[in-house]
S.K.: 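Take a look at this one; I'll ask things after.
All values derive from a computational prediction rather than experimental measurement. Below, chains carry the letters A, B, ... as their sequence lines are ordered, and counting in each starts from 1.
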Amino acid sequence: MIELRQVTQHYGSSQILWGVDLNITQGSCACIMGRNGVGKTTLLKCLMGLLPVSSGEIRINDYPLHNRPAEKRAPAGIGYVPQGREIFPLLTVEENLRIGLPIRKDKRKHIPERIFELFPVLADMLHRRGGDLSGGQQQQLAIGRALVIEPSVLILDEPNEGIQPNIVQQIGDVILRLNEEDGLTVILVEQKLGFARRVGKQFHLMEKGRIVASDHMENLSDELIRQHLAV
Amino acid sequence: MSLFSLWRQRDAKLTATWPVVVAVFAMALLAALGNLLIPESSALHVSTYTVTLLGKYLCYAMLALAVDVIWGYCGILSLGHGVFFALGGYAMGMYLMRQIGERGVYGNALLPDFMVFLNWKELPWYWLGMDQFWFALLMVILIPGGLAFLFGWLAFRSRVTGVYLSIMTQALTYAFMLSFFRNEMGFGGNNGLTDFKDMLGFSLQADTTRVVLLLLSAVLLIVALWSSQAILRSRFGKVIIAIRDGEARARFLGYQTERYKVWLFVYSAVVAAVAGALYVPQVGIINPGEFAPINSIEIVIWVAIGGRGTLAGAVIGALLVNYAKTRFTALLPEAWLFALGGLFVLVTLFLPKGLVGLSSKFRMTARKLSSYSSGQRSES
Amino acid sequence: MSILQRDQVWPFLVPREVKVDVSHQVILYIEDLSVSFDGFKALNNLNLYINDGELRCLIGANGAGKTTLMDVITGKTRCDSGSVWFGQTHNLLEKREADIARLGIGRKFQKPTVFEAHTVLDNLELALNTHKGILPALVARLSAGQRERIDEVMEIIGLQQQRHMLAGALSHGQKQWLEIGMLLAAEPRLLLIDEPVAGMTAQETERTAELLTSLAGHHTVVVVEHDMEFVRSIARTVTVLHQGSVLAEGSMDEVQNNRDVIDVYLGESA
Amino acid sequence: ADTIKVGVLHSLSGTMAISETTLKDTVLMMVDEQNKKGGLLGKKLEAVVVDPASNWPLFAEKTRELLTKDQVDVIFGCWTSVSRKSVLPVIEELNGLLFYPVQYEGEESSKNVFYTGAAPNQQAIPAVDYLMNDLGVKRWVLAGTDYVYPRTTNKILEAYLKAKGVADADIMINYTPFGHSDWQSIVSDIKKFGSEGKKTAVVSTINGDANVPFYKELGNQGVSAEDIPVVAFSVGEEELSGIDTTPLVGHLAAWNYFESVDTPENQAFIKQWHQFIGNNARVTNDPMEATYIGFNMWVKAVEKAGTTDVDKVEQAMIGIQTPNLTGGMAVMNENHHLSKPVLIGEIQDDGQFEVVWETDGLVAGDAWSDFLPGSKDLISDWTTPIKCGNYNTKTKTCSGQNYGS
Amino acid sequence: MMWIASVQPPSYVSIHSNINLLECRVKKLMFFCVLCICQAWPAWAQNEDASVNELLQQLTEARLKDMAPILEQLEVEGGEALLPLFHGLLAGDLYYLKSDHTLVSVTSVNGIDQYQEILSGHRIESLSKQQISKVRVNNTLRGQLRQIISRLQLNARQPDLRYTAVRSLLSELDADTMATIRALYSGEQDQRVKAIMATAIALYSAESAQDDNERVAAIGQLRNSLETDVRNALNRLAKDDTRPAVQSAARRAVADIEQRVAWYGRLDQLFFGLSLGSVLLLAAIGLAITFGVMGVINMAHGEMIMLGAYTTYVVQLLMPNAIDYSLWVAVPAAFMVSGLAGVLIERGIIRFLHGRPLETLLATFGVSLILQQLVRTVFSPLNRQVATPSWMSGSIELNPVLSLTLNRLYIFVFALLVFGLLLLILKKTSLGLNVRAVSQNRDMARAMGVHTERVDALTFGLGSGIAGIAGVALSQLTNVGPNLGQSYIIDSFMVVVFGGVGNLLGTLVAAFTLGVANKFLEPVTGAVLASILVLVFIILFIQKRPRGLFPQKGRAAE
Ligand SMILES: Nc1ncnc2c1ncn2[C@@H]1O[C@H](COP(=O)(O)OP(=O)(O)OP(=O)(O)O)[C@@H](O)[C@H]1O
Ligand SMILES: Nc1ncnc2c1ncn2[C@@H]1O[C@H](COP(=O)(O)OP(=O)(O)OP(=O)(O)O)[C@@H](O)[C@H]1O
Ligand SMILES: CC(C)C[C@H](N)C(=O)O
Ligand SMILES: [Mg+2]
Ligand SMILES: [Mg+2]
């Protein structure tokens, strides 16, 4: 479904991605792992169109994305939960959620109830400024916001950073549910092995801007972990 | 290699001042010699017009430097720096005014002309002492410095930042403009202070005086450059940059950021004031127009054009824009605003780092080329 | 060299040794603290005592008020009522951020904040426990001791490679480390550390745990973290906050089995 | 040089461009005309235009540029007094020649400047006389922009009015900032001041842009010219062309020239102006006449002196006569000011003035006002033996002159 | 003044307007009406009185100085029947043929002058301006004409006319006039007219009755009147009257009146303040969007206002005969012109500067220079004349000491309207939400599918368009020239910042606060000092509240 071919990227003159090839199939839950600074976030941003790729191709269902601006990628069905949440700080929770409404296919005018089912906190906080929420609440809002557009692919960049354990649990449940029940394709960047193991179906290990190993989650061996994740 | 080049680049910002220092000094010296030593008949003679013009540019460069120090390095965008420049100028103007003495049109030894014909009977108290050069110089520094301290202390202590601060500085200079327009203030109202005769006994109309003033401007500009550089290179400067990028963090490290900002602001104001004091004897008039907010905005624009955050950039920007202005107003009197406006737009669009950015771009390419030829020796 | 070591020449350059009176073992007293934002109570009659040299873990649901608590301690947020004392003698509520910092309270933010336009080295230099006044800053040079200290810290945070890199170009995790490094360089009495291991790999987490444990004793450390494994590995006393007040306090085991804590925070499987 | 260079120093941008651009065009027109007549001393005239951009120090700089780089023989320029003050030291230092064509506060006389606009006694005093004698005005509002020209003019007027027995309580003085645009309170105050039963008039030295909102407010608050006439010294045809004049009908202005004056010279001048500027709707005004007179006088003086040498031309200028556009001859006096007739006009709804009063003969411009204590003993006389711009008739000395000594 | 009644429906507030306040065209139209009416009065036109004719002849020949007695004579001889003539003279619409001194009126219908013989009402074709000459009047004569008209209108049919007539006679009551008024008083039906007549009678007896008590009684009657003539008379009595009873009564009355006048004076100030505030609001409101919401330091904002004002000018040029409607066209046109300019600036320049707000200052400053010079080149550096539609001229007089100028009133309402509309757009459409999202986190907005480019262009266009609309309003108050924008830019920034950047309501409150503060200071300190004090006040206020009146709250804003 999503296909990256030989994607490279530079910040100024320093190259971050070195020909990334990635294939993510419909309905899978792919977990991208790697040490700090190997370029995971960068890769996702390229996918989302927030960073220009230097070369290479990105396709979703054979529809080329790499030459489209970011705002055209969301309507193509990609929901994005960035690292650091990136909530619109001065918009209320409700407004944060409403932003995505216009690009829904069904042109709904209301925030789907489903969001509040998944994250009940948001319903309580509807009229508070997004920026005022605590980190964990913001994280939930960020996921909720991405879900409003009814994406077919959900990209999550370290969604559990700073989240209380039971919510981590809950987010895991939500991801699993979305992935399994709704058939949502999930791309997840995650550091915590436990979580990755629980929700991920495939893993892709990154090192120095390259994908160095990909396989089913069951095959994520200690050897691989030591090799690519240990410091 | 990339680490090294990053480090180099950072340092380059500060070292790049040397070419400018040399250029400024050479320019001033050449002009001085060309004016005094080469006879007027020669093609190489530098006219007094050029000398005065250069002197003015150098004052503006100093002013731009003052703005750059706080804007480029501390992120405080002052849209009212003209106020310090003008106050410095007024202090000097008052001294020059008092030097006129009996040579005023009414022959009144004590009162400046504008007071005589508006029927003032005695010299207002704030004019006292201004006939002493040292006292005037003290005022050149104390008044703008004091104002900057007061304003900065109030504003930074209550954490007025960003646009709020910028607009407040604008309000400040605007308020000063309106006040100085008032004739009752005793500063000559709209007409300001003019008709100066001499300074420390040297006639302002003599070529030698003008040349000396030009050289003085050059020297002081260089001193200002040097001291700014020293300040910014010290830990104080690092704190200043830290404040620009994360004031809260700096505070949590124990730096009383408002004090740092106040003192930098005062320093910048004093530099601006000295520039103003040098400017007045060279252009021969100081009036409230110098307080006009639009003037202060222009200073910021010189800095931006030259490249903010680089001391050399501020100087280059000021020199260049003003030179362009001089040329344009004479060459295209009806269309120069198009040219100048267009210049501003184009520079912003195509040279986001200002003219200095352009040069470092060249240098980068040059270095790349040379490193290709010399077999990548910069690997370290 | 002796000319450069000016802190030995001029007395005003010598860092002030701040006296913190901990004669009652307690270094931080927080009593009846309440904070509200537009009517929303973020802290609600909170009471908390931290002993000198202790390593205390602070956990609690998202939005429980942990960060807000640190904000109040460090002077960032003003409280509605209550008192916060540093040792017996320093009323923190009367002080401004910089003064509090110079009393020896250091803080790492939840979202890493470093000086992006400075190199890693400069970041650490600025954090050093030196005189923070203006005149000293104008003439200050790094002394040999300070250099050593920086190298040490650099070693601990593993950023020697990035020494001269601009901090802005570091990745998220590296910034976390740098910020911790800045804390170390400052050598504060009390460290408030908000979510240090967020975004770190398992190994790094382990290293952080080691580091924090080693700090305890000389320093008092308060850590906020959601990573239970991490907490478990360092925790002696754990305080659980909920809706702005203390819900439970005790050893990790006690807390872990506390029904309320499980309900509002840990969840069944933790 | 093979041409005679004429410097034109009027702001073409900035706040003063509104007024000054016209004068630049006037000079260009005069130069053109002179060249058609065959130039001067057998040479063509060449205009050098620069833009001092309403920036006062720039005036000084541009003057220096004109005099040293372009080597012009004469400069026509400046509008505001501050620009003239800025130019003054330079023009004296480099011994240039400036023709200043705008009414001003007086209190100046430079060897290198000829003042062809009105001095206060050629505008303000006659206007007050008219109001007092013909309209029976008893109460006076002196409203002005807060700067030197209005301050000085009002000082003079105050002294003059008091000398005529007007009580303090019957004089209201009001100053406003430059470009003041909200006149509600002030007009309402004027209305109140004028409603106390005595005939009231406003003497306005309000400058430039502030006038339009001022008059609009007068109109809207129902202050009509019969109730409280306003006599202005800075509002001419050109200013009116930017206003809808219907509500202003009947208000007054004092000048030395009005476009509506029906003389053959004026008709010809207007026609020439329309042709030159290519627009029949453009009006003429007093500073244009002052420029016209100044230019013609300079031409005559150069012809008389046979050279453009400043010192010679300066001496030749004194006593030169050229026709006014309103009839009669203007004379250049020893004090570098003109003798001209003074006219008072009422505004008409077509934006023109209807002359309602004029002085019997010419009024000689007075460099030093007789009504200011500091200057009542001063005179200016640039002929031998005095040769001084500020000669004290009591002490018989020439105080603080830059030149001539 | 019947035409007033025909233009403005009579209401509980009486609407007065001085004849020479009215728009030129309207005046001519009105005069035309009067002429028509005069034709319905054949008595005069046909019953030609020889002496009247002779006087009229003299009128065309006399010098201004000698005209007063002729007019007096005409009043006596011609009486009421000559009213149209007096009106015409007052309005300056009276001409005569150079050839035979026949009096003609000139009216402009659709821009074409039409000539009509005033005595017979005949139309005269093919006359040119050169063949006629104006009957001149000056201020003195206008004053005299006004008095004549008042006297003649004492028994006009319309109550409004009678009212005005009596009022304007208050200043010069003499025995003759008094006799007429007294005679008319008992028969007067209209309450208002009757009241003013009573005032006139009381006023007269207060000053000229023999009996002290009568005077005191009259004074007592006058203590409720706010007429300035009454006040002046009472003041005279309080100062000069030798009879203690009368003097003290007058003093009390004066004190009473002064108190009320002072109260109305404050109302007046409040109105001035609000009106100044509405101007500030209009000027700032566009900036509140481009700067406040989008974060572009838009130095060209003033020029957007200027473009709006010039659009008004062009619209009026295009429809010279429908000035009254011109503003209705000008408002949308100005919105389009400035809005389009805004979109162009955004597309051409600002969009390349995202994330570099300070550089927008530089670029827009450049744009502002270019635009200024552009209008200077296209429209000349001179101010342009923008006419005020008749419905915006004059004022509503609530009572003799309190009147509200119409143009200010309309602009006040207009400002609120524009503000409301804008609020609605930003609150009710997705544009409002999107623009805030974009300004807070551009990348994230894009990731949410927001077309940031379109939003930017639209918002900047909207802000600029509103600035254009402000220009239309300002063209009614001040100069339309190349510097127009410059004079408002600083105030606009001040208002937005004072109110709190990003808060539209703050802009509203700030504008009115500054307006009112200024106007209450001005009488005390003078205009210059008032502006300075207001600036100082803002500077100090910002120290207290570093983020303006209505700061953005919350963690993010810190
Ligand atoms: N704006 C930038 N300019 C220059 N280099 C950058 C920039 N942002 C990131 N980098 C560099 O790019 C590399 C990859 O960064 P990225 O944020 O993608 O890492 P990551 O894998 O997401 O790490 P983490 O797990 O810490 O989030 C890092 O080494 C970082 O130093
Ligand atoms: N400046 C503020 N304005 C409004 N509300 C605020 C502000 N700061 C904090 N809050 C509220 O106070 C509550 C406590 O926030 P705090 O950040 O202290 O939680 P926390 O315990 O640190 O949570 P997390 O573990 O998610 O970081 C939250 O609900 C937050 O919305
Ligand atoms: C009255 C003004 C138009 C000119 C006057 N000379 C001045 O001082 O500016
Ligand atoms: Mg990352
Ligand atoms: Mg927190």
S.K.: Sort and list the pairs that fulfil side-chain hydrogen bond (donor to acceptor under 3.5 Å, both in side chains) and have at least one residue in residues 172-184 of chain D, not counting sequence neighbours.
M.R.: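 Qualifying pairs: D:N154-D:Y175, D:D182-D:Q184, D:D182-E:R408, D:D182-E:K519, D:Q184-E:S275.
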S.K.: Roughly how far, to the nearest 0.5 Å, is CG of E:L382 from OG1 of D:T22?
M.R.: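 So the OG1 of D:T22 and the CG of E:L382 are separated by 4.5 Å.
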S.K.: Heavy-atom pairs under 4.5 Å with chain E - which of D:G136, D:G179, D:S185 has more of them than the others?
M.R.: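 The option with the most such pairs is D:S185.
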S.K.: Give the intermediate values and the outcome of side chain to side chain contact (heavy atoms under 4.5 Å, CB included) for residues E:E227 and D:S195.
M.R.: CA-CA 10 Å; E:E227 295 290 345; D:S195 71; over 6 Å; no
S.K.: Rounded to the nearest 0.5 Å, what separates atom OG1 in E:T140 from atom CG in D:L135?
M.R.: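 The OG1 atom of E:T140 sits 5.0 Å away from the CG atom of D:L135.
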S.K.: How long is the straight-line distance from CG of D:D244 back to CD of E:Q476, given to the nearest 0.5 Å?
M.R.: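 Rounded to the nearest 0.5 Å, the CD-CG separation comes out at 9.0 Å.
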S.K.: Sort D:I186 into side chain, backbone, both or neither according to what part of it lies under 4.5 angstrom from a heavy atom of chain E.
M.R.: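 Contact with chain E is through both the backbone and side chain of D:I186.
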S.K.: Measuring from atom CZ of E:R384 to atom OG of D:S241, what distance do you get when rounded to the nearest 0.5 angstrom?
M.R.: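 Result: 6.5 Å between the selected atoms.
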S.K.: By a 4.5 Å heavy-atom criterion (distance strictly below it), what part of D:I243 contacts chain E: side chain, backbone, both, or neither?
M.R.: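 Backbone only.
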S.K.: Under a 4.5 Å heavy-atom cut-off, does chain E meet the side chain of D:S19, its backbone, both or neither?
M.R.: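 Nothing of D:S19, per the 4.5 Å heavy-atom cut-off to chain E.
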S.K.: Between CG of E:L404 and CD of D:Q221, what distance do you get to the nearest 0.5 Å?
M.R.: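 Here the rounded value is 10.0 Å.
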S.K.: Does the side chain of E:S393 come within less than 4.5 Å of D:K216's, by heavy atoms?
M.R.: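 A side-chain contact under 4.5 Å is absent here.
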S.K.: Between E:T228, E:V279, E:N407, who has the most heavy-atom pairs with chain D when the cutoff is under 4.5 Å?
M.R.: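 Among E:T228, E:V279, E:N407, the one with the most close pairs to chain D is E:N407.
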S.K.: Which region of D:E239, side chain (C-beta onward) or backbone (N, CA, C, O), has a non-hydrogen atom less than 4.5 Å from a non-hydrogen atom of chain E, or is it both or neither?
M.R.: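 Looking at D:E239, nothing touches chain E.
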S.K.: By a 4.5 Å heavy-atom criterion (distance strictly below it), what part of D:K192 contacts chain E: side chain, backbone, both, or neither?
M.R.: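 Neither part; nothing is under 4.5 Å.
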S.K.: Between E:V528 and D:P177, is there a side-chain heavy-atom distance shorter than 4.5 Å?
M.R.: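 Yes, close enough: below the 4.5 Å cut-off.
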S.K.: Identify which part of E:F520 has an atom lying under 4.5 Å from any heavy atom of chain D, answering side chain, backbone, both or neither.
M.R.: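 For E:F520, neither part sits under 4.5 Å from chain D.
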S.K.: Please give me the minimum heavy-atom distance between D:E226 and E:G143, naming the atom from each residue.
M.R.: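 The pair with the smallest heavy-atom distance is CG-N, 3.6 Å.
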S.K.: Determine whether D:S188 and E:D268 make a side-chain contact, defined as any pair of heavy atoms from C-beta on separated by less than 4.5 Å.
M.R.: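 In short, these two side chains touch, coming nearer than 4.5 Å.
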S.K.: Identify which part of E:R376 has an atom lying under 4.5 Å from any heavy atom of chain D, answering side chain, backbone, both or neither.
M.R.: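 The answer is the side chain of E:R376.
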S.K.: Checking heavy atoms, do the side chain of E:N232, its backbone, both or neither come under 4.5 Å from chain D?
M.R.: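 Contact with chain D: side chain only.
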S.K.: Can you tell which part of E:S475 gets under 4.5 Å to a heavy atom of chain D, answering side chain, backbone, both or neither?
M.R.: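 Only the backbone of E:S475 comes within 4.5 Å of chain D.
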S.K.: Which answer fits E:V401, side chain, backbone, both or neither, if we ask what part of it has an atom under 4.5 Å from a heavy atom of chain D?
M.R.: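 For E:V401, neither part sits under 4.5 Å from chain D.
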S.K.: Given a strict heavy-atom distance threshold of 4.5 Å, which part of D:E20 is in contact with chain E: side chain, backbone, both, or neither?
M.R.: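 Neither part; nothing is under 4.5 Å.
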S.K.: Under the rule for side-chain hydrogen bond (donor to acceptor under 3.5 Å, both in side chains), what residues qualify as partners of D:N55, not counting sequence neighbours?
M.R.: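 side-chain hydrogen bond (donor to acceptor under 3.5 Å, both in side chains) check on D:N55 returns nothing, list empty.
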S.K.: Counting distance only, does the side-chain N/O of E:N479 pair as donor-acceptor with the main-chain N or O of D:D209 below 3.5 Å?
M.R.: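 Answer holds: yes.
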S.K.: Within a strict 4.5 Å, meaning less than it, do heavy atoms of the D:V212 and E:T478 side chains meet?
M.R.: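 No. Closest side-chain heavy atoms not under 4.5 Å.
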S.K.: Report the C-alpha separation of E:N483 and D:I18 in whole Å, then their side-chain angles, then the decisive distance to 0.1 Å, and conclude whether the side chain to side chain contact (heavy atoms under 4.5 Å, CB included) test is met.
M.R.: CA-CA 9 Å; E:N483 303 327; D:I18 284 184; 4.0 Å; yes
S.K.: Can D:E196 and E:R236 be counted as an ion pair, charged N to O under 4.0 angstrom?
M.R.: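 Here D:E196 does not pair with E:R236 in a salt bridge, since their nearest N and O are not under 4.0 Å apart.
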S.K.: So, do D:E217 and E:T405 sit near enough that their side-chain heavy atoms are less than 4.5 Å apart?
M.R.: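 Yes, close enough: below the 4.5 Å cut-off.
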S.K.: Looking only at heavy atoms and a cut-off of under 4.5 Å, which of E:L369, E:L477, E:V137, E:L141 has the most pairs with chain D?
M.R.: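 Counting heavy-atom pairs under 4.5 Å, the top option is E:L477.
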S.K.: Examine whether an atom of E:N138 lies under 4.5 Å from a heavy atom of chain D, and if so say whether it belongs to the side chain, the backbone or both; otherwise answer neither.
M.R.: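 Answer is both: backbone and side chain atoms of E:N138 are under 4.5 Å from chain D.
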S.K.: Calculate, to the nearest 0.5 Å, the distance between atoms CG and CG belonging to E:N383 and D:L240 respectively.
M.R.: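 E:N383 CG to D:L240 CG: 11.0 Å, rounded to 0.5 Å.
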S.K.: Using non-hydrogen atoms only, which part of E:V386 is less than 4.5 Å away from chain D: side chain, backbone, both, or neither?
M.R.: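 Only the backbone of E:V386 comes within 4.5 Å of chain D.
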S.K.: Taking atom CG of D:D360 as the centre, does the number of heavy atoms from other residues, nucleotides or ligands within less than 6.0 Å exceed 12?
M.R.: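 Atom CG in D:D360 is not crowded, with 12 or fewer foreign heavy atoms closer than 6.0 Å.
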